[in-house]
Asker: 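Could you have a look at this structure, given as structure tokens, before my questions?
Below, chain A is the first sequence line, B the second, and so on; all start at residue 1.
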Amino acid sequence: MVRTRIAPSPTGDPHVGTAYVALFNWMWAKKHGGQFLLRIEDTDQVRSTAESEAAIMRSLRWIGLPWDEGPDIGGPVGPYRQSERTEIYQRHAAQLLETGGAYRCFCTAERLEGVRAAQLAAKTHMKYDGHCRRLPAAEVASRVASGEPHVVRMAFPETGITIVPDQLRGGIEFQNEQIDDQVLQKSDGYPTYHLANVVDDHLMGITDVIRAEEWISSTPKHVRLYEAFGWTCPKFFHLPLLRNADRSKISKRKNPVSLDYYERIGILPEAMRNFLGLLGYSMPNDQEIFDLDEMLQGFDFGRLNLGGPVFDRAKLDWLNGQYIRKMGPAALAERVAATFLTPERLAAIAPLALERVDRLDQFVPLLTYLLGGKLEYTHELLLKLTGRKGAFEWLPGDEATELLRRTAETLDTVRPWSAPTIEATVTALCEQTGWKKGRVLSPVRAAVSARPATPPLFELLEALGGAVTRARLRDAADWIDANPRIE
RNA sequence: GCCCCGUUAGUCUAGUGGUUAGGACGCUGGCCUCUCACGCCGGAGUCAGGGGUUCAAUUCCCCUACGGGGUACCA
């Protein structure tokens, strides 16, 4: 029986990389007639949010990779949310403490920093120096009794090698002395990823761990953890990491990375699935357009290319166009009505239109930028700052791109997404950077609307939504870079 | 710095020792057509470099270069 899982961390927007990894997990489980589960890894109490969790589940449903067990539908090995499993991890940490697989560490952040700095200076590998690993048992007991804060660290073998059997690359060798004594339990009693992940994968019967390449270097810790518990290791498959155009790991700084965004601009879920299946993976006979079933038929990890593929939006658009053409006019009309011109979305922009139209037909041009769509920029729009009495000034291109990108970045954390919170954030950004508000708002307005006049900016941004707003700010900055203004 | 992974055109890829290195996106020329788009036909453009192994290397091995990831009480 093959059981796989997707285990997102609810710390932000639903990520396209999550969908990518989910696709392969789903494929592998279905190919073997097994199960695919969803587990929420919310052990980071500071960054995890309920909204993010809900958004991730919504997007995963949108992309159409149904899970067999999960926090929403339950299952035999729940709960499927790590924050509800704290005692399980504590029990396992305690077990490791007893068997010598782990130890308590009382080191302060300052001491750790000092150790790291020394190691950096010595040009050696960086890891915990094992100070508390050798503390006498009596001292440990008394410090625990006195309530001194501490973490639980894994007692990683200090010599020898650990081999990570990666199903896609073969055995990967690590020198044990290079590997850190990973913190397993934080001082707040919560587990770190490494503990929670291993414990859950075992308890939930996960047989095949299919995850992104960024995890390879921590896999020796996981391998040894399974060993310390006396459990058998699942199979590991490390997928290539999706990349930005510059080949760095895909990130929202350089690419729209949120599934919400793609849904919002009218990418069809079936096209997105197909596109993800084209990244790193390929079908025999050069077939490029295929659905989930076709991909499942003869699915083979041997066909996976290990080089990190660039997420190429132009090809996604082309693919999406193929799907649109194939569906025919009636279905297109239906899909647009059902997913794009929805009552909710029209309702969101209606308040903004109310004072600005005298006839219903005047609502239509508003749709072209309030609902989405590609904008046509000009220098006049983006860079010209008009003053009183026809006076004006040209905003330097590099200053404009800086303003736009910084704003996009700052807006990223705004939650909930509403006019007052957006305004507060932008105002704070201006104060912090010393930028004049008008100098920021003018290019922002142009970037999101491509119009000289719009409804009040923050209400406009609210109606547009975070994903579209950020993408347009970035698009405008890119446009300025690509089209420098000639004096 | 240290460890690990990767490397076929601008991008996604096929290819497992002998091929004119195939397909797709993008770019570009043309056809279709009232325009645009779609569609169709064509074009430019690639095996990172150097050593081996071999009769023969894009394919196997080593080194280098380059790219990426990790190096957290984040996942």
Asker: Write out all pairs satisfying ring pair (Phe, Tyr, Trp, His ring centres under 6.0 Å) with one or both partners inside residues 194-221 of chain A, taking only residues at least two apart or from two chains.
Answerer: A:Tyr193-A:Trp215, A:His194-A:His222, A:His202-A:Trp231
Asker: Could you work out the separation of B:U19 and B:A57 based on their P atoms and round it to a whole Å?
Answerer: 11 Å
Asker: Taking the C1' atom of each, how far is B:C47 from B:U13, in whole Å?
Answerer: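 Here B:C47 and B:U13 have their C1' atoms 13 Å from each other.
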Asker: Could you please spell out the steps behind the ring pair (Phe, Tyr, Trp, His ring centres under 6.0 Å) verdict for A:Tyr262 and A:Phe311?
Answerer: CA-CA 13 Å; A:Tyr262 293 99; A:Phe311 190 90; 5.7 Å; yes
Asker: Could you walk me through whether A:Ser48 and A:Ser83 pass side chain to side chain contact (heavy atoms under 4.5 Å, CB included), step by step?
Answerer: CA-CA 10 Å; A:Ser48 299; A:Ser83 58; over 6 Å; no
Asker: From CG of A:Leu239 over to C1' of B:G6, roughly how many Å is that when rounded to an integer?
Answerer: 14 Å
Asker: For a side chain to side chain contact (heavy atoms under 4.5 Å, CB included) with A:Met295, tell me which candidate from A:Arg273, A:Met27, A:Lys31, A:Lys30 qualifies.
Answerer: A:Met27
Asker: Looking at every strand, decide which applies to A:Arg211 at a 4.0 Å heavy-atom threshold: base, sugar-phosphate, or nothing.
Answerer: nothing
Asker: What verdict does the side chain to side chain donor-acceptor pair (under 3.5 Å) test give for A:Thr162 and A:Arg224, after you've listed the backbone C-alpha separation in whole Å, the side-chain angles of each residue and the deciding distance to 0.1 Å?
Answerer: CA-CA 8 Å; A:Thr162 298; A:Arg224 292 294 182 183; 2.8 Å; yes
Asker: Any side chain to side chain donor-acceptor pair (under 3.5 Å) involving residues 148-161 of chain A? Give me the pairs, sequence neighbours left out, ordered by first then second residue.
Answerer: A:Arg104-A:His150, A:Arg134-A:Glu158, A:Arg143-A:Glu148
Asker: Could you give the CG-to-C1' distance, from A:Asn285 to B:U13, as a whole number of Å?
Answerer: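 Going from CG in A:Asn285 over to C1' in B:U13 covers 14 Å.
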Asker: Specify the separation, in whole Å, of atom CG of A:Asp317 and atom C1' of B:A37.
Answerer: 15 Å
Asker: Once you apply the 3.5 Å cut-off to both distances, tell me the Watson-Crick or G-U wobble partner of B:A14, or none.
Answerer: none
Asker: Does anything in residues 54-65 of chain A reach RNA chain B, meaning a heavy atom under 4.0 Å, and if so which residues?
Answerer: none
Asker: What I'd like to find out is whether the side chain of A:Tyr128 reaches to under 4.5 Å of the side chain of A:Val115, using heavy atoms alone.
Answerer: no
Asker: Is there a Watson-Crick or G-U wobble partner for B:U53 with both distances under 3.5 Å, and which nucleotide is it?
Answerer: none
Asker: I'd like the C1' distance from B:C4 over to B:G22, given in whole Å.
Answerer: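 My reading of the C1' atoms in B:G22 and B:C4 gives 33 Å.
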Asker: Are A:Val310 and A:Asn244 side-chain neighbours, meaning at least one heavy-atom pair lies under 4.5 Å?
Answerer: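 Of all side-chain heavy-atom pairs linking A:Asn244 with A:Val310, none is under 4.5 Å.
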Asker: What is the pairing partner of B:U59, taking Watson-Crick or G-U wobble pairs with both distances under 3.5 Å in any strand?
Answerer: none
Asker: Taking CD1 from A:Ile179 and P from B:C3, how many angstroms apart are they, rounded to a whole number?
Answerer: 12 Å
Asker: Using a 4.0 Å cut-off on protein heavy atoms (strictly under), produce a 5'-to-3' string for nucleotides 22-34 of chain B with B for base contact, S for backbone-only sugar-phosphate contact, and - for none.
Answerer: BBBS---------
Asker: Quick check: are there more than 12 heavy atoms from other residues, nucleotides or ligands sitting under 6.0 Å from CD of A:Gln45?
Answerer: yes
Asker: A:Arg81: what forms a side-chain hydrogen bond (donor to acceptor under 3.5 Å, both in side chains) with it, not counting sequence neighbours?
Answerer: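 side-chain hydrogen bond (donor to acceptor under 3.5 Å, both in side chains) check on A:Arg81 returns A:Glu53, A:Glu84.
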Asker: Round to the nearest Å and state the distance from A:Ile161 atom CD1 to B:C4 atom C1'.
Answerer: 14 Å
Asker: Please determine, for B:G42, whether a Watson-Crick or G-U wobble partner exists with both distances under 3.5 Å, and give it or none.
Answerer: B:U28
Asker: Only one of A:Arg470, A:Arg405, A:Arg474 forms a salt bridge (Lys or Arg N to Asp or Glu O under 4.0 Å) with A:Asp412, so which one is it?
Answerer: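 It is A:Arg470; the other options fail the test.
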Asker: Rounded to whole angstroms, how far apart are CD on A:Gln167 and P on B:C5?
Answerer: 16 Å
Asker: Base, sugar-phosphate, or nothing for A:Phe174, non-hydrogen atoms under 4.0 angstrom?
Answerer: sugar-phosphate
Asker: Quick one about A:Tyr80 and A:Glu69 (side-chain donor to acceptor, distance below 3.5 Å, no hydrogens or angles considered), yes or no?
Answerer: yes
Asker: Starting at the 5' end of nucleotides 66-75 of chain B, put B wherever the base has a protein heavy atom under 4.0 Å, S where only the sugar-phosphate does, and a dash everywhere else.
Answerer: -SSBSSSBBB
Asker: Please list residues of residues 264-281 of chain A whose heavy atoms come under 4.0 Å from any atom in RNA chain B, ordered by number; otherwise none.
Answerer: A:Leu278, A:Leu279, A:Gly280
Asker: Determine the interatomic distance between P on B:A75 and the same-named atom on B:G39; round to the nearest Å.
Answerer: 47 Å
Asker: Is any side-chain heavy atom of A:Pro240 closer than 4.5 Å to one of A:Tyr20?
Answerer: yes
Asker: Any chance the side chains of A:Asp181 and A:Tyr103 put a donor and an acceptor closer than 3.5 Å?
Answerer: yes
Asker: Sticking with atom P, work out how far B:G26 lies from B:C12, rounded to a whole angstrom.
Answerer: 15 Å
Asker: Would you measure the distance from the C1' atom in B:U46 across to the matching atom in B:C27 and give it in whole Å?
Answerer: 16 Å
Asker: Tell me: CE of A:Met283 to P of B:G15, nearest whole Å?
Answerer: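 Value for this atom pair: 13 Å.
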Asker: All N/O contacts under 3.5 Å from nucleotides 57-61 of chain B to the protein, with atom names and distances to one decimal?
Answerer:
none

Asker: Can you give me the N/O atom pairs linking the protein to nucleotides 43-49 of chain B at distances under 3.5 Å, or say none if there are none?
Answerer:
none

Asker: Within the supplied structure, the quantity of interest is the number of heavy atoms (other residues, nucleotides, ligands) at a distance under 6.0 Å from A:Gln322 CD; does it exceed 12?
Answerer: yes
Asker: If you look only at pairs with a residue in residues 195-220 of chain A, which of them pass as a salt bridge (charged side-chain N to carboxylate O under 4.0 Å, His left out), with sequence neighbours excluded?
Answerer: A:Arg5-A:Asp201, A:Arg39-A:Asp200, A:Arg39-A:Asp201, A:Arg85-A:Asp200, A:Arg169-A:Glu213, A:Glu214-A:Lys249
Asker: Determine the interatomic distance between P on B:U53 and the same-named atom on B:U16; round to the nearest Å.
Answerer: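 Each nucleotide's P atom is 25 Å from the other's.
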Asker: With sequence neighbours left out, what residues match A:Phe237 under ring pair (Phe, Tyr, Trp, His ring centres under 6.0 Å)?
Answerer: A:Trp28, A:Phe301
Asker: Across the strands shown, which category fits A:Thr124 at heavy-atom distances under 4.0 angstrom: base, sugar-phosphate, nothing?
Answerer: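 Base contact.
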Asker: Is there a Watson-Crick or G-U wobble partner for B:G6 with both distances under 3.5 Å, and if so, which one is it?
Answerer: B:C66
Asker: Could you measure the distance from the CH2 atom of A:Trp26 to the OG1 atom of A:Thr4? Nearest 0.5 Å is fine.
Answerer: 10.5 Å
Asker: On a whole-Å scale, what distance lies between the P atoms belonging to B:G49 and B:C41?
Answerer: 33 Å
Asker: Please walk me through it: do A:Asp260 and A:Arg58 pass salt bridge (Lys or Arg N to Asp or Glu O under 4.0 Å)?
Answerer: CA-CA 9 Å; A:Asp260 281 344; A:Arg58 220 193 115 266; 3.5 Å; yes
Asker: How would you list, by chain and number, every residue that makes a side-chain hydrogen bond (donor to acceptor under 3.5 Å, both in side chains) with A:Arg335, sequence neighbours excluded?
Answerer: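 Checked A:Arg335 against side-chain hydrogen bond (donor to acceptor under 3.5 Å, both in side chains); matches are A:Glu270.
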Asker: Just the rounded figure in Å: distance from P of B:C3 to CG of A:Asn176.
Answerer: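 Distance check: A:Asn176 CG to B:C3 P gives 15 Å.
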Asker: Taking the side chain as C-beta and beyond, is there a heavy-atom pair between A:Asp13 and A:Leu259 under 4.5 Å?
Answerer: no
